[in-house]
S.K.: 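Below is a structure I'd like to ask you about.
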Amino acid sequence: MLLVRKLTRGSSDPYYDLFEDWDLIVSSFLSQYGLRIRTKEFETVSWDEFKALLAGLSPETALGRIVAIRSENDENILKHFSPEQKRIRNEWRDSSAKKITAENFAEQMADLERMMAAMAGG
């Protein structure tokens with residue numbers, strides 16, 4: 001199962017974007033749940049229910065496969081990636097790097113400093 005924490009840009013789950021990956025989400029909901037998102041019926045689904053459904057998407061869905069590629073860090077697996085898998089992963093990493101703002105960077109560094117201080121007993 002995908003572990004989805006927040007569904008906004010800059011979320012703690014850095015391997016998908018609710019807006020950029022919308023077509024993958026639509027396809028994944030249809031293939032796993034048989035639900036068509038772009039219908040009047042689906043408009044009654046609450047945000048919490050939508051998040052729960054998104055969190056429950058399996059790795060066999062379109063989004064699940066892309067997230068698996070984007071999030072892979074095992075060097076043994078990476079060296080066997082196809083050129084297409086490498087392209088997908090590299091494009092995601094490049095676009096994610098561009099989204100980091102000076103403010104986000106400063107916040108992340110402050111969090112890291114607090115964690116390090118806590119670990120050092122300070």
Side-chain angles (χ1 to χ4, degrees):
M1 299 265 173
L2 297 177
L3 299 176
V4 178
R5 293 173 192 90
K6 294 182 184 174
L7 300 176
T8 58
R9 289 180 191 257
S11 73
S12 58
D13 185 358
Y15 300 112
Y16 77 95
D17 183 281
L18 186 61
F19 302 101
E20 292 175 21
D21 294 324
W22 184 250
D23 288 339
L24 294 171
I25 293 167
V26 170
S27 172
S28 297
F29 271 56
L30 182 59
S31 67
Q32 182 165 324
Y33 304 120
L35 294 173
R36 294 187 183 276
I37 291 178
R38 296 180 176 133
T39 63
K40 281 279 190 203
E41 259 183 291
F42 199 81
E43 289 178 11
T44 63
V45 172
S46 71
W47 179 244
D48 287 339
E49 184 177 1
F50 176 79
K51 290 189 303 184
L53 291 167
L54 185 57
L57 289 175
S58 82
E60 288 77 38
T61 62
L63 182 63
R65 287 188 294 275
I66 294 298
V67 166
I69 292 168
R70 291 174 178 169
S71 63
E72 186 57 63
N73 287 318
D74 184 313
E75 290 299 323
N76 290 325
I77 294 173
L78 290 172
K79 70 182 175 184
H80 297 293
F81 263 15
S82 70
E84 179 67 6
Q85 289 171 312
K86 289 177 185 175
R87 182 193 63 75
I88 291 167
R89 186 170 183 272
N90 290 336
E91 283 180 2
W92 180 255
R93 293 170 63 89
D94 290 346
S95 74
S96 294
K98 291 175 188 172
K99 290 179 185 175
I100 295 176
T101 64
E103 183 180 312
N104 290 346
F105 179 77
E107 288 173 14
Q108 290 175 4
M109 291 307 293
D111 288 344
L112 180 60
E113 287 175 18
R114 282 189 290 277
M115 280 185 359
M116 297 302 279
M119 288 172 48

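Keep in mind the model is a prediction, meaning the values are calculated, not measured.
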S.K.: Between F50 and F29, is the ring centre distance below 6.0 Å?
M.R.: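 Ring centroids of F50 and F29 are less than 6.0 Å from each other.
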S.K.: Got a sec, which residues hit salt bridge (Lys or Arg N to Asp or Glu O under 4.0 Å) with D74, two or more places apart in sequence or on another chain?
M.R.: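 Testing D74 for salt bridge (Lys or Arg N to Asp or Glu O under 4.0 Å), a comparison that skips the adjacent residues, returns none.
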S.K.: Looking at residues at least two apart in the chain, or sitting in another chain, which of them share a side chain to side chain donor-acceptor pair (under 3.5 Å) with N73?
M.R.: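 Side chain to side chain donor-acceptor pair (under 3.5 Å) check on N73 returns R89.
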S.K.: Looking only at side-chain N and O atoms, does S58 offer a donor or acceptor that is under 3.5 Å from a partner on E60?
M.R.: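 Per modelled atom types, E60 and S58 side chains form a pair under 3.5 Å.
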S.K.: Say you draw a straight line from CD of E72 to CD of Q85; how long is it, rounded to the nearest 0.5 Å?
M.R.: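 It is 9.5 Å, given to the nearest 0.5 Å.
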S.K.: Mind checking what makes ring pair (Phe, Tyr, Trp, His ring centres under 6.0 Å) contact with F81, not counting sequence neighbours?
M.R.: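 With sequence neighbours excluded, F81 shows a ring pair (Phe, Tyr, Trp, His ring centres under 6.0 Å) to no residue whatsoever.
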S.K.: Flag the pair R70 / D21 as yes when at least one side-chain heavy-atom distance between them is below 4.5 Å, and no otherwise.
M.R.: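 Side-chain contact under 4.5 Å: yes.
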S.K.: Mind checking what makes side-chain contact (heavy atoms from CB on, under 4.5 Å) contact with E49, not counting sequence neighbours?
M.R.: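 Only V45, S46, L53 meet the side-chain contact (heavy atoms from CB on, under 4.5 Å) criterion with E49.
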S.K.: So do the side chains of L63 and W22 get within less than 4.5 Å of each other, counting heavy atoms only?
M.R.: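 In short, these two side chains do not touch, never coming nearer than 4.5 Å.
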S.K.: According to salt bridge (Lys or Arg N to Asp or Glu O under 4.0 Å), who are the partners of R87, at least two apart in sequence or on a separate chain?
M.R.: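 Testing R87 for salt bridge (Lys or Arg N to Asp or Glu O under 4.0 Å), a comparison that skips the adjacent residues, returns E84, E91.
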S.K.: With heavy-atom distances below 4.5 Å as the criterion, would you say the side chains of R38 and F42 are in contact?
M.R.: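 Side-chain contact under 4.5 Å: no.
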S.K.: Indicate yes or no: at least one non-hydrogen side-chain atom of L35 is less than 4.5 angstrom from one of L30.
M.R.: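 They are not in side-chain contact.
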S.K.: Tell me every residue that passes side-chain contact (heavy atoms from CB on, under 4.5 Å) with S27, counting only those two or more places apart in sequence or in another chain.
M.R.: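 Here the qualifying residues are A62.
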S.K.: Between Y15 and I66, is there a side-chain heavy-atom distance shorter than 4.5 Å?
M.R.: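 The answer is no; the side chains never approach within 4.5 Å.
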S.K.: Before accepting this row, confirm whether a basic side-chain N of the pair K86/D94 lies closer than 4.0 Å to the acidic partner's carboxylate O.
M.R.: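 No, no charged N to carboxylate O under 4.0 Å.
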